[in-house]
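It should be emphasised that the depicted structure is a prediction, and the values quoted were computed from it without experimental measurement. When a ligand or atom number is given, it counts from 1 through the structure's own listing order. In this chain, residues are counted from 1 in sequence order.
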Amino acid sequence: MTWLQPPLRRGFLWLEGLLDRIFGPAWNPLYHLGALGFFYYWIVAVSGIYVYIFFDTGTTEAYRSVEYLTREQWYLGGVMRSLHRYASDGMMLMMGVHMLREFSLDRYRGKRWFTWVTGIPILWLVFACGITGYWLVWDKLAQYVALATTEWLDALPIFGEPVARNFLAPATLDDRFFTLLTFMHIVVPLILLLVLWIHLQRVSRPRINPARGLAIGTFAMMMALSFAHPAVSQGPADLATVPAIVGLDWFYLPAYPLLDIWSGGALWAFVGTLSLLVAALPWMPPMRPVAVAAVDLDNCNGCKRCADDCPFGAVTMQPRTDGQPFEHAAVVDASICVSCGICAGACPTSTPFRRGSDLVPGIDLPQRPLRELRAALEAAASGLQGRTRIIVFNCDHGGDLAMLRTGCRTAINVPCIAALPPSFLDYALSRNLADGVFITGCRDEACYHRFGIRWTQDRIAQRRDPYLRARVPRERIHIYWGGAADRRELLRELDGFAARLATLPAPAVPSRRPASAMRETAQESDVHA
Ligand code: HEM
Ligand code: SF4
Ligand code: SF4
């Protein structure tokens with residue numbers, strides 16, 4: 001199914017770029033889809049509680065009580081009903097786009113399968129909430145939904161007698177059924193909340209609240225829609241007639257028209273197969289296995305930075321067993337680690353100032369060790385010439401920057417931009433390997449590994465350990481979040497940076513120090529980081 005990803009990704013990149021220009025990255029709704037889903041859930045919950053206070057369960061009372069809210073109490077009850085409807089639709093929309101975007105970004109395969117697969121029951125539960133909700137109003141649409149759903153349920157061999165029979169005549173439909181439905185309409189959202197909690201078990205610090213401006217903006221839009229186009233019923237249900245034409249909610253009831261052409265069994269087979277297919281996507285094809293982060297106990301002092309920075313909660317601190325004078329050591333859960341390297345970027349022992357044989361950090365990626373990154377940096381720098389030698393550090397998900405390599409520029413890729421320890425910037429500039437360092441990767445707020453951009457900015461601004469040392473000239477560092485996604489802009493930023501570097505006084509060229517002195521420097525920078 002990965003053939004679908006490139007066109008979908010291109011579409012999302014274009015739309016994200018457009019919304020970035022309109023709202024800015026911090027308020028771009030595409031970067032807050034899961035959080036918006038949660039926000040809509042809470043609007044649905046609060047408005048639902050209000051509607052429930054006035055709701056009467058019963059074949060005639062249900063419709064009447066909802067009509068009372070809509071007509072007599074339109075200024076509050078009617079608005080609450082409309083908010084309940086539109087926030088539910090919003091949740092469905094957000095969920096659909098969120099799912100497509102995660103798929104297009106390839107954030108659902110490999111170790112990330114768990115979050116994807118737990119999304120499938122969420123889909124079912126959200127549909128179940130919507131269907132029972134439409135049913136409760138007991139208008140003509142509810143009658144259609146009731147008949148169609150029960151006929152559909154009757155295709156399953158779980159009910160003794162056909163449930164649909166209850167909806168064929170007034171005599172067989174009783175109030176207790178409404179009480180049961182109301183109960184389900186309350187319990188299913190609670191189960192949904194539980195499954196949402198499970199959904200987020202493998203993402204640390206999940207973003208469950210959208211940016212304030214985005215929340216206020218989308219809430220204001222829903223309020224405006226609630227006044228301009230309030231949710232209304234479609235006339236009382238009448239079991240003596242069969243509803244001929246009803247206005248369907250295409251967010252929640254798109255499968256229902258299929259029941260006119262397919263049997264209930266065929267529709268179950270269709271939605272069941274579709275769900276299984278979507279749940280199996282992470283293995284179609286499976287991701288190529290990559291070695292996970294490995295801890296070197298001799299170099300781990302139990303500082304916990306790797307556990308704090310890991311975006312997937314793959315590192316835990318466990319009591320030590322190796323007799324070292326530290327209480328804890330880092331332990332990586334191989335079933336969760338996605339090999340992003342952010343932990344290595346956070347470890348205080350990941351400093352390139354250490355001698356070649358000694359560059360073994362407390363935690364590192366075996367297939368892309370920091371020792372090799374330092375070697376790559378030194379090799380790339382040795383080929384640079386001119387007064388504006390720039391080293392570009394790019395993340396694997398920021399695209400291919402091979403086109404950048406010229407006599408005075410070179411690009412080095414890291415798995416995630418936060419896999420780059422800040423001491424490497426210090427190393428590149430203080431050892432005069434380059435005149436400037438350019439950092440790029442995914443688009444702002446859209447980091448493939450979730451925290452790469454945030455941690456990098458915080459480390460450079462000295463808000464988060466490991467700090468970039470104060471001695472590093474910040475004017476020789478330039479950050480541009482956009483990578484190859486916005487190639488022309490990237491080149492413009494690079495040219496602008498080079499022009500600024502050309503105006504700076506030439507840095508003092510350090511003399512090479514003997515190896516023994518280098519060992520001292522290593523200890524000094526270990527302590528600092
Ligand atoms: C109302 C429904 C849903 C809500 C509220 C929701 C919420 C969230 C949130 C808050 C995150 C974490 C975002 C972050 O901080 O990086 C997330 C991640 C994710 N969700 Fe959902 N989600 C919903 C439905 C779904 C569905 C239906 C699927 C797919 C079948 C899905 C797949 C994923 C995936 C793959 C991730 C990314 C995990 C990663 O980065 O490794 N979600 N979701
Ligand atoms: S960051 Fe490094 S030293 Fe600190 S706990 Fe993790 S592996 Fe150990
Ligand atoms: S590489 Fe490190 S930071 Fe990334 S998931 Fe694995 S343990 Fe966490």
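- Nearest protein neighbour of atom 6 (Fe) of ligand 3, counting heavy atoms only, is C337 SG, 2.3 Å.
- Within the model, atoms CZ of R305 and CG of N301 stand 8.0 Å from one another, a figure rounded to the nearest 0.5 Å.
- For atom 23 (C) of ligand 1, the closest heavy atom belonging to the protein is H98 CD2, 3.5 Å.
- Each of R450, R454, R207 was compared with E445 under the salt bridge (charged side-chain N to carboxylate O under 4.0 Å, His left out) criterion, and only R207 meets it.
- Ligand 3 places these atoms under 4.0 Å from at least one heavy atom of V338: 5 (S), 6 (Fe).
- The nearest pair of heavy atoms linking A255 to L267 is O-CD2, 3.8 Å.
- Atoms of ligand 2 lying under 4.0 Å from at least one heavy atom of M317, given by number and element, are 5 (S).
- Atom 2 (Fe) of ligand 3 has as its closest protein heavy atom C343 SG, 2.3 Å.
- Interface atoms of ligand 3 facing V315, defined by a heavy-atom separation under 4.0 Å, are 7 (S).
- Within the 4.0 Å heavy-atom cutoff, L196 counts among the residues contacting ligand 1.
- Counting the atoms of ligand 1 from 1 in the order shown, those under 4.0 Å from a heavy atom of F38 are 5 (C), 7 (C), 10 (C).
- Heavy-atom contacts of C340 reach the following atoms of ligand 3: 1 (S), 3 (S), 4 (Fe), 5 (S) (cutoff under 4.0 Å).
- The structure places CG of L373 at 6.5 Å from CG of L420, a figure rounded to the nearest 0.5 Å.
- For the pair R109 and W283, the NZ or CZ position fails the cation-pi test of under 6.0 Å to the six-membered ring centre and within 45 degrees of the ring normal.
- Contact analysis puts F312 in contact with ligand 1, with a non-hydrogen atom separation below 4.0 angstrom.
- Under 4.0 Å is where a charged nitrogen must lie from a carboxylate oxygen, and between R459 and D309 at least one such pair does.
- Here R9 contributes atom CZ and R101 contributes atom CZ; the two are 6.0 Å apart, rounded to the nearest 0.5 Å.
- Between T115 and ligand 1, no N or O atom pair is found at a separation short of 3.5 Å.
- Other residues, nucleotides and ligands contribute more than 12 heavy atoms inside 6.0 Å of the CE atom of M287.
- Looking at T149 and W135, their side chains never bring a donor and an acceptor atom within 3.5 Å of each other.
- Using a 4.0 Å cutoff on heavy atoms, H328 does not count as a contact of ligand 2.
- Ranking protein heavy atoms by distance to atom 4 (Fe) of ligand 2, first place goes to C303 SG, 2.3 Å.
- Here S339 has backbone heavy atoms under 4.0 Å from ligand 3, and that is the only part of it that gets that close.
- At least one N, O or S atom of C347 sits under 2.8 Å from atom 2 (Fe) of ligand 2.
- The atoms of ligand 1 that sit less than 4.0 Å from any heavy atom of M95 are 1 (C), 2 (C), 24 (C), 27 (C).
- Between the side chains of W481 and Q457, a donor-acceptor pair is found at a separation under 3.5 Å.
- Using a 4.0 Å cut-off between heavy atoms, M94 makes no contact with ligand 1 at all.
- Among protein heavy atoms, the minimum distance from atom 29 (C) of ligand 1 is reached at M99 CG, 3.4 Å.
- Ranking protein heavy atoms by distance to atom 41 (O) of ligand 1, first place goes to R112 NE, 2.7 Å.
- Here the protein heavy atom with the shortest distance to atom 8 (Fe) of ligand 2 is C300 SG, 2.4 Å.
- The proximity of P361 to ligand 2, defined as any non-hydrogen pair under 4.0 Å, does not occur for either the backbone or the side chain.
- Ring planes of Y108 and W116: tilted class, angle from 30 to 60°.
- Residue C310: an N/O/S atom is found under 2.8 Å from atom 8 (Fe) of ligand 3.
- Atoms of ligand 1 found under 4.0 Å from any heavy atom of P206 (numbered from 1 in listed order, with element): 15 (O).
- The distance from ligand 2 to the heavy atoms of I363 drops below 4.0 Å at these ligand atoms: 7 (S).
- Distances from atom 10 (C) of ligand 1 to the heavy atoms of R450, H449, R207 put R207 nearest.
- If you check which protein heavy atom lies closest to atom 31 (C) of ligand 1, you get H199 CE1, 3.3 Å.
- Ring-centre distance between F393 and F438: not below the 6.0 Å cut-off.
- Residue G34 holds the heavy atom nearest to atom 7 (C) of ligand 1 of all those in P210, G34, G96.
- Looking only at heavy atoms of the protein, atom 27 (C) of ligand 1 is closest to G119 O, 3.3 Å.
- Within ligand 2, counting atoms from 1 as listed, the ones closer than 4.0 Å to a heavy atom of G362 are 7 (S).
- Checking T351 against Y427 by side-chain atom types alone, no donor-acceptor pair falls below 3.5 Å.
- Taking a 4.0 Å cut-off on heavy atoms, N301 registers as neighbouring ligand 2.
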